Student: 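Pasting a structure below so you can have a look.
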Amino acid sequence: MKKLFTMFLILLLSISLIGCSNSAFNGYKDGSYTGTGDGLNGPVEVEVEVVNGEISNIVVVSQTETVGLGDVAIEKIVAKTIETNNTNIDSVSGATVSSTAIVTAIRDALTKAGGTKEHFDSEELVSLKTAALEDEYEYDVIVIGAGGAGLSAAIEAAKTGAKVAIVEKTSAAGGNTLVSGGGLNVAGSPQQEKNGVEDSVELFIEDTLKGGDYENDPVLVQVMAEHSLEAATWLQEEIGVIFMEDRLQQFGGHSVPRALISQGNKGDELINKLQAEAESLGVDIYFETTAEALNQIDGRVTSVVVVNNEKETVFHASKGVIIATGGFASNIEMRKEYNPVYDEKFLSTATPGSTGDGIMMAQEVGADLVDMSYIQVYPTCNPETGIISYVANSRFDGAILINQEGKRFVDEMGRRDDISNAIIDQTGGVAYLVWSSEIEEVGHMTDIHLVEYSQWENSDLIYKAESIEDAAAHYNISVEEMQATIDAYNASIADGVDEDYNRGGALRTIEEGPFYIQVVTASTHHTMGGIKINDQAQVLDTNGEVIPGLFAAGEVVGGVHGTNRLGGNAITDIIVFGRIAGQNVVK
Ligand code: ADP
């Protein structure tokens, strides 16, 4: 009897267990749920909405992933999750951490809606890959690269009714244009007039030539300066770009404030609007499609060989090809080939697509290259990612640089290349930027760039210290040496001169806490050299002759900036020459 009863109990338990596993997942419960995942730079937070048991919407409440890479991955995975009602989405290559973070955040939210681990594990893997390309395509114009130059070129060509395609090797438009501050120098803008700033095309030309040590191609500089106002008007009136009202910035090397700053002080204002305009004009953009070679018939460039999903495809261009692939700051081998100083010790501020592909493809068809050894470096970047720090602009308000030994080693306001090379030579290839409340209160850099500040804090690359002792101890710097360096600096500048390094700009003491200490390194930033073009953006061969059917614009071109590009000149350059290339290719 007892045995029977036990068997009955076991049976009952098994039935209830089966029932339990059957009811483990019966669709999500309707409602709104929040979830979090750990991203590369901090938490990724989402709000997931469930309607009729299915995911109806996902809002990314906050994230601080890498612009142009991590955030793009998040966007793609969110869209795919909503489309498929499935959370098992393939990672985006190059952005695995961000991809995992967004999936984790979505699942965290859905767990609150009844989602279970068993259910998530049972979901089929959804690929983000696009459908395979055909073997060949026919277009009038092929643009290589969907950065600022490529999009501007495509728009101008498409406006004339031409059939235009852009091939872009990454999964999103933008390139370095996207991660820029979106500033564009213009001579004679209404904003200058409103602020009583007197400027001229001639002065803009002179500043640019001087900044490039007069090694620039004067014809290209003139074209850039003469068309700068027209480019800004085009961006505003035809593309819908919004520039910050009443903001006129003066970057180093410019005699007057002449930079208009895109809304949000970021390149996404430019890229989002340029991409929307290109698409509305019917431009086809093929992402994850890498151009590898140019084909010629009787000397004329007539098609581009691309690779997508490991498959080779030929894009024919009846009118011409425009190379707009950006620079080569992310290609260490190429940097070393042209300027051995910038080897693997240097990270790069550039996006991963900046590998010089366009330069190499052009060279294969006989293009001339100019100024290839001129590579610009930026001194205060993230030692883990190479990305430029805006918080570190506290340097311009008086922050000093010290090394691991607690000593100063350079004039903090010197040339970018001098400071950068000096930093790379210090212990660990890094330096510590140190500032006090006196300095923070001038520029409020940690407040203005709060998102960046939090990212650096999460990576323990910036520390807010109560005392100099605390700051030194945090990064294993000798407390005595650091204190002695700061005492000597404070005493020296009391007389208005920095006796050790004759530092220019603002001299401010480092006395009042809290103190900030930030680990920085130098990164390669902009490559001035590239393909030789004429004032019509036509590519020239080594005899100075035009290569028919081939145009180039943007950072892939050499000669505009000489030895050194001034701040705000990159965007002017790419928009002006991108438009010229697009207008001429259809002629
Ligand atoms: P620019 O400022 O001159 O417009 P960007 O860096 O903004 O240059 O944009 C260049 C774009 O070209 C990037 O999006 C980059 O990924 C893309 N690109 C680079 N090489 C290739 C290639 N081989 N095929 C297709 N796209 C490429």
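If you're wondering where the values come from, they're calculated on a predicted model, not measured in any experiment.
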Student: Quick one: does I323's side chain get under 4.5 Å of L294's, heavy atoms only?
Tutor: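 Yes, at least one pair of side-chain atoms sits under 4.5 Å.
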Student: Charged N to carboxylate O under 4.0 angstrom, K273 versus E269?
Tutor: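 Salt bridge between K273 and E269, a charged N being under 4.0 Å from a carboxylate O: yes.
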Student: Taking the side chain from D30 and the backbone from N52, do they hold a donor-acceptor pair closer than 3.5 Å?
Tutor: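 Flag set: sc D30 to bb N52 pair under 3.5 Å.
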Student: Is any side-chain heavy atom of D470 closer than 4.5 Å to a side-chain heavy atom of Y463?
Tutor: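 A side-chain contact under 4.5 Å exists here.
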Student: Please indicate whether E469 has more than 12 foreign heavy atoms, meaning atoms of other residues, nucleotides or ligands, lying under 6.0 Å from its CD.
Tutor: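 Atom CD in E469 is not packed in, count stays at 12 or less.
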Student: Report yes if the side chains of L110 and I55 come closer than 4.5 Å at any heavy-atom pair, otherwise no.
Tutor: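 They are in side-chain contact.
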Student: Between Y286 and Y137, is the ring centroid distance below 6.0 Å?
Tutor: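 Close enough - the centres of the two rings lie under 6.0 Å apart.
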Student: Check E457 with K464, please: is the shortest side-chain N to carboxylate O separation under 4.0 Å?
Tutor: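 No, this pair does not count.
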Student: Would you call E288-K311 a salt bridge at under 4.0 Å N-O?
Tutor: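 So E288 does not pair with K311 through a salt bridge.
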Student: Report yes if the side chains of I58 and E49 come closer than 4.5 Å at any heavy-atom pair, otherwise no.
Tutor: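 With C-beta onward as the side chain, the pair stays apart.
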Student: Does this structure show an ion pair linking K159 with E238, if we count only N-O contacts that are shorter than 4.0 Å?
Tutor: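 The answer is yes: the pair qualifies as a salt bridge.
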Student: Salt bridge or not between K169 and D357? Use side-chain N to carboxylate O under 4.0 Å.
Tutor: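 Looking at K169 and D357, the cut-off is met.
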Student: What distance separates T380 OG1 from R395 CZ, expressed to the nearest 0.5 Å?
Tutor: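 T380 OG1 to R395 CZ: 5.0 Å, rounded to 0.5 Å.
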Student: Within a strict 4.5 Å, meaning less than it, do heavy atoms of the L133 and T289 side chains meet?
Tutor: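 Contact flag for L133/T289 side chains = yes.
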Student: Side chains of C381 and V520, heavy atoms from C-beta outward: is any pair under 4.5 Å?
Tutor: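 A side-chain contact is absent here, since even the closest heavy-atom pair is not under 4.5 Å.
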Student: Does the side chain of F328 come within less than 4.5 Å of I375's, by heavy atoms?
Tutor: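 Yes - at least one pair of side-chain heavy atoms lies under 4.5 Å apart.
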Student: We want to know whether Q518 and W456 form a side-chain donor-acceptor pair, criterion being a heavy-atom distance below 3.5 angstrom.
Tutor: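 The answer is no; no qualifying pair exists.
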